[in-house]
Amino acid sequence: MNAAPPLHQLLLEAARALAALRAGRSLTDALDACPEGLRAGTQALAFAAVRAQGRCGALIKTLMPRPPQPLTEGLLRAALTQLLPGATAYAPHTLVNQAVQAMKKAVPAQAAVVNAVLRRFQREQEALLSQIAQQPEARWEHPAWWVARLKKDWPTQWQDLLQAAQQPPPLALRVNGRQGSPADYLARLQDAGLAARPLGERAANGLVVEPPCPVQRLPGFGAGDVSVQDGAAQLAAPLLIHGAGHLPPLPAGARVLDACAAPGGKTAHLLEAADLDLLALDAAPERLRKVEQTLGRLNLQAQVRAADGRDVPAWWDGKPFDAILLDAPCSASGINRRHPDVRWLRRESDIAQLVRTQSELLDALWPLLKPGGRLLYATCSLFAAEGRDQIAAFLQRQPQARSLDIPGQTGHLLGLPENAWAVPTDGFFYALLLRGES
Ligand SMILES: C[S@@+](CC[C@H](N)C(=O)[O-])C[C@H]1O[C@@H](n2cnc3c(N)ncnc32)[C@H](O)[C@@H]1O
């Protein structure tokens, strides 16, 4: 068995990833540069530091007269996170010594600064934490504009939503119904020594594995028996196929457009659940490669095409669709617990741009639907501008469109623990729109 890597190496790699995040890269991208043997430990430190970025940022401002260099700041963030109340993974003296050693290896001139800041935090922890406690970013671990927006959109639930975003996500699975039943797969998980249970009645093929494990340990993953997908995301395919119980199910061979398909989670679910003639479109060719890989792993077929959904003449063959899934680009505020860096990478001004793209996609795709056809609009966002308000404005512009009720969807909130789910889901918005016959 390989020995665990020394903590100073993990701290240094986490500092590099956090410095890359500060320069605007996503944490997932930044962690790609991390050597394989250090990846898991580094990822744990870096994700924890991003979840504590509000407090650690405020502490660094208080403890240092001038902003530190990016690598020093990254190291301080990673180390301070592990010294905060409730963090128990490392003994504080070990942590400080290892952080200083990491800095000695990378930038020796900064080691004394790291030592001084961390030791002062240890001595004055209580006073320092109470000094920053009322700053919104430190209090809620989200940018102030994000907190204000959630407060406006969810006046009674915003605090619960912010707290839910701080919890690591569960490992939710979707069993490939073409290759076996959820009950059979549950038994296979148990045989493999993995504890699991059904995700809840709303996601018929959904299971949750607790505690989570690497996907390589999931039986039959490579052979396409199962995929990783959040419970809320698992609602898209049945909603489109069965029309939330208001419409007849899509017949075999129905022509379906998945307009923003990559990386292909919902494309695959649609094809596992029904025999469809499906076109998977996405504006990002490199992301479409993931769709192809996923379809290959699951042994499913679709036409895959790189194009901007709004530029209809560039890709449409003129044959109308029975159903369209528009899983639009959005703030990703609903999957913030899975990608805690998103809240710090986004700017408030991005939201207006995203709302514009979403409405342009809606307007461009709606005329491609047959009379009597259905369009499912989805975003993994909790912001009303990208969900409720977006659809209200669309219904004003498009009198032929009727919004159908989705049972169990209160407004557009998912994402909090509720009885129907075994574990909290991501935050999603769905609107099911029917095109009138005339
Ligand atoms: C939320 S993701 C889709 C997730 C996907 N449906 C799934 O379940 O795996 C949004 C996607 O929209 C794509 N996109 C953004 N703007 C687009 C446009 N104008 N036309 C087509 N796709 C676009 C992005 O490249 C991204 O892959």
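When a ligand or atom number is given, it counts from 1 through the structure's own listing order.
Here the side chains of L325 and Y377 are not in contact, with every heavy-atom distance at 4.5 Å or above.
For the pair G309 and ligand 1, the shortest N or O to N or O distance falls below 3.5 Å. Considering backbone and side-chain N/O atoms, D258 never comes within less than 3.5 Å of an N/O atom of ligand 1. For the pair C260 and ligand 1, the shortest N or O to N or O distance falls below 3.5 Å. Between A283 and ligand 1, at least one pair of N/O atoms sits closer than 3.5 Å.
Contact annotation: for K266 versus ligand 1, heavy atoms closer than 4.0 Å belong to both the backbone and the side chain. Neither the backbone nor the side chain of A233 has a heavy atom within less than 4.0 Å of ligand 1. Looking at A259 against ligand 1, only its backbone comes within 4.0 Å, counting heavy atoms. Of all the heavy atoms of A236, none lies under 4.0 Å from any atom of ligand 1, so neither backbone nor side chain is involved.
Residue-ligand proximity, A284 to ligand 1, at heavy-atom distances under 4.0 Å covers atoms 25 (O). Atom numbering of ligand 1 starts at 1 in the shown order; those under 4.0 Å from a heavy atom of G264 are 7 (C), 9 (O). Under a 4.0 Å criterion applied to the non-hydrogen atoms of A261, ligand 1 contributes the atoms 5 (C), 6 (N), 7 (C), 9 (O).
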Apply salt bridge (Lys or Arg N to Asp or Glu O under 4.0 Å) to E36 and R39, showing your working.
CA-CA 5 Å; E36 187 57 42; R39 182 86 47 87; 3.8 Å; yes
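Of the protein's non-hydrogen atoms, G265 N, 2.9 Å is the one closest to atom 9 (O) of ligand 1. The protein heavy-atom contact nearest to atom 19 (N) of ligand 1 is D308 OD1, 2.9 Å. Of all protein heavy atoms, the one closest to atom 2 (S) of ligand 1 is A262 O, 3.7 Å. Nearest non-hydrogen protein atom to atom 15 (C) of ligand 1 is P329 CG, 3.4 Å. For atom 10 (C) of ligand 1, the closest non-hydrogen atom on the protein side is D327 O, 3.6 Å. Nearest to atom 24 (C) of ligand 1 among the protein's heavy atoms is D282 OD1, 3.5 Å.
Cation-pi contact between R388 and F383: absent, since separation from the ring centre below 6.0 Å together with deviation from the ring axis within 45° is not met.
Nearest heavy-atom pair, V226 versus R297, reported as atom, atom and distance to 0.1 Å: O-NH1, 2.8 Å. Taking all atoms of both residues into account, the shortest heavy-atom contact from R337 to T425 is NH2-C, 3.1 Å. Contact record, A14 with A78: CB-CB, 4.2 Å, taken as the closest heavy-atom pair. Minimum heavy-atom separation, T81 to A87: O-CB, 3.6 Å.
No hydrogens or angles considered: a donor-acceptor pair under 3.5 Å links the side chains of S333 and S331.
Between H142 and W146, the ring planes are tilted. Angles from 30° to 60° get that label.
In this structure, H246 contributes its side chain and D405 its backbone to a donor-acceptor pair below 3.5 Å.
Residue pairs meeting the salt bridge (charged side-chain N to carboxylate O under 4.0 Å, His left out) criterion with at least one partner in residues 246-272, sequence neighbours excluded, are R174-E272, R255-D317, K266-D327.
Between A378 and ligand 1 there is no heavy-atom distance shorter than 4.0 Å.
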